[in-house]
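Just the heavy atoms: all of them, side chains too, but no hydrogens, waters or symmetry mates, feed the values below. Remember, predicted model here, so these are calculated numbers, not experimental data. We count ligands from 1, going down the list as the structure has it; atoms in each ligand are counted the same way.
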Amino acid sequence: MFDLIVQNGIVVTPLRTFKADIGICNGKISTIGDKIAGDAKETYDASGKYVLPGVIDVHTHIDHLGGGAKTNDDFYTGSISAAYGGVTTFLDFAMQKKGEDAREAIKRRRAAADGQVVIDYGLHSNLTDLNEESFSALESIVEDGYSSFKLFMTYRKAGFIVEDGVLFALMEEMSNKGALVGIHAENDGICEYLTEKLVKQGKLSPESHAVSRPVLAEAECVSRAIMFAEATNTPLYVFHLSSKKGLDIICQAKNKGIPVYTETCPHYLTLTAERYKEAEGQNYIMTPPLREQEDIDALWQGISQGYIQIVSSDHCAFNSEQKAVGKSCFRDVAPGIPGTETLLPLLYSEGVCKGRITLNQLVEILAYNPAKIFGLAPEKGLICNGSDADLAIIDPNREIVLSKNTIHMATDYTPYEGMRVKGYPDATIVRGRFVIKDGIFEGSRGFGSFIKRKKFAIY
Ligand code: URP
Ligand code: ZN
Ligand code: ZN
């Protein structure tokens, strides 16, 4: 007896697209085949719809304090909005406070998320202070299932920057230990110098945000970190890559066999710095900033050629009132934009429907690669026998208009207001249970589990 059969759907994997039923037992995919026979407690007719592995959003900031503001979601509401977008697992951050043991930050985030999330989740350890305690705990952090780190190469004023020597020491320490060292790549000196200069010149509007954090700042850090990765033979992950110049450096490194992986985000694939000229230009402020059309084109090409392995949302649900606090000076705007719910429809519409990537590549960048790179496979990111029954079901013909009035993210705006998209899920299933069904939330608080991730293991 199956718990659920998803019938007549078009199943999409990184390699194949085929019509099949999916039989689910005890939260796992137990059978995939044409017209599965056998009783089921429930069936779902997916005729004419694509059945994708659930999206794994590897970069969210739920219940996040940053730039002097606190996002409006918590792990319950944030995970519901992710589920509406077909996300079945997300990776958020345990950001260490100065002087704190990094394990304390993890405990704090676990206490906030466990029992609240409606989908599965994991955490990156976000190190801001490699004090002795934290340094000696690195291996145990990885062993405990937090097998990736994020370090800021910027934000000195906020106290988050990790100096070169510390980054290098971390990479040396983590070499061959199954950790993936991730970076926020923006050269702080360049950004601070340009910010001060623009402020002194009285150029305070949101347009200055892009000028103050140029492509050079990203590319220089990417290059520096790659050299460290090569020297220490430690895998590197570049979070939120925004520029062609940064990508070119990554391509060269990958071609040399250096273990570097990267993600970009929907906003860097769809919006340019022109947006900062709009009346509410501050609503588009995130770091790194939006770039130019040539960057957008290069990033899409990087995805289709496999140099960019993942697209994540970098979701940060501030509302327009919070963003407007910095209206009088770009420097004071809390960085980050909402986006986990719109990740899949944007990538399907702008990527697949516009012929920039295939449907199979969509599944690769949103589910399979995230699972492989972040130690979640084979339970997650795949539609195959024995994997968790995590599915996102989309109707390829249903078009919706993205609007602040219909999104479920805990904010009052979307950077994509008025955009027509396809690929917004009809249903999201986590471990065999509907979390979203035909637009209605059917999940329950605390159904989501913390996922202890495996060590990094691909070269
Ligand atoms: O502006 C952004 N990206 N905000 C979130 C924090 C970060 O650096 O990812
Ligand atoms: Zn970052
Ligand atoms: Zn981020």
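Note that the CG atom of N369 and the CD atom of Q361 stand 10.0 Å from one another [nearest 0.5 Å].
Side-chain contact, R213 with T195: no donor N or O sits under 3.5 Å from an acceptor N or O. S320 and D412 share a side-chain donor-acceptor pair at under 3.5 Å. Between the side chains of R109 and Y146, no donor-acceptor pair is found at a separation under 3.5 Å.
For Y276 and H209, the gap between ring centers is short of 6.0 Å. For an aromatic pair to be called close, the ring centres must be under 6.0 Å apart, and F374 with Y237 satisfies this.
Near-neighbour remark for the Zn ion (ligand 3): protein N, O or S atoms under 2.8 Å are H59 NE2, H61 NE2, D314 OD1; waters not counted.
Screening residues 226-243 for salt bridge (charged side-chain N to carboxylate O under 4.0 Å, His left out), with sequence neighbours left out, gives E230-K256. Under the ring pair (Phe, Tyr, Trp, His ring centres under 6.0 Å) criterion, the residue pairs touching residues 80-102 are H59-F93, H61-F93, Y84-H408, F90-Y121, F93-H124, F93-F239, with sequence neighbours excluded.
Contact shell of ligand 1 (protein heavy atoms, cutoff 4.0 Å): H59, H61, K150, F152, Y155, H184, H240, M286, T287, D314, P335, G336.
Under 4.0 Å is where a charged nitrogen must lie from a carboxylate oxygen, and between K404 and E280 no such pair does.
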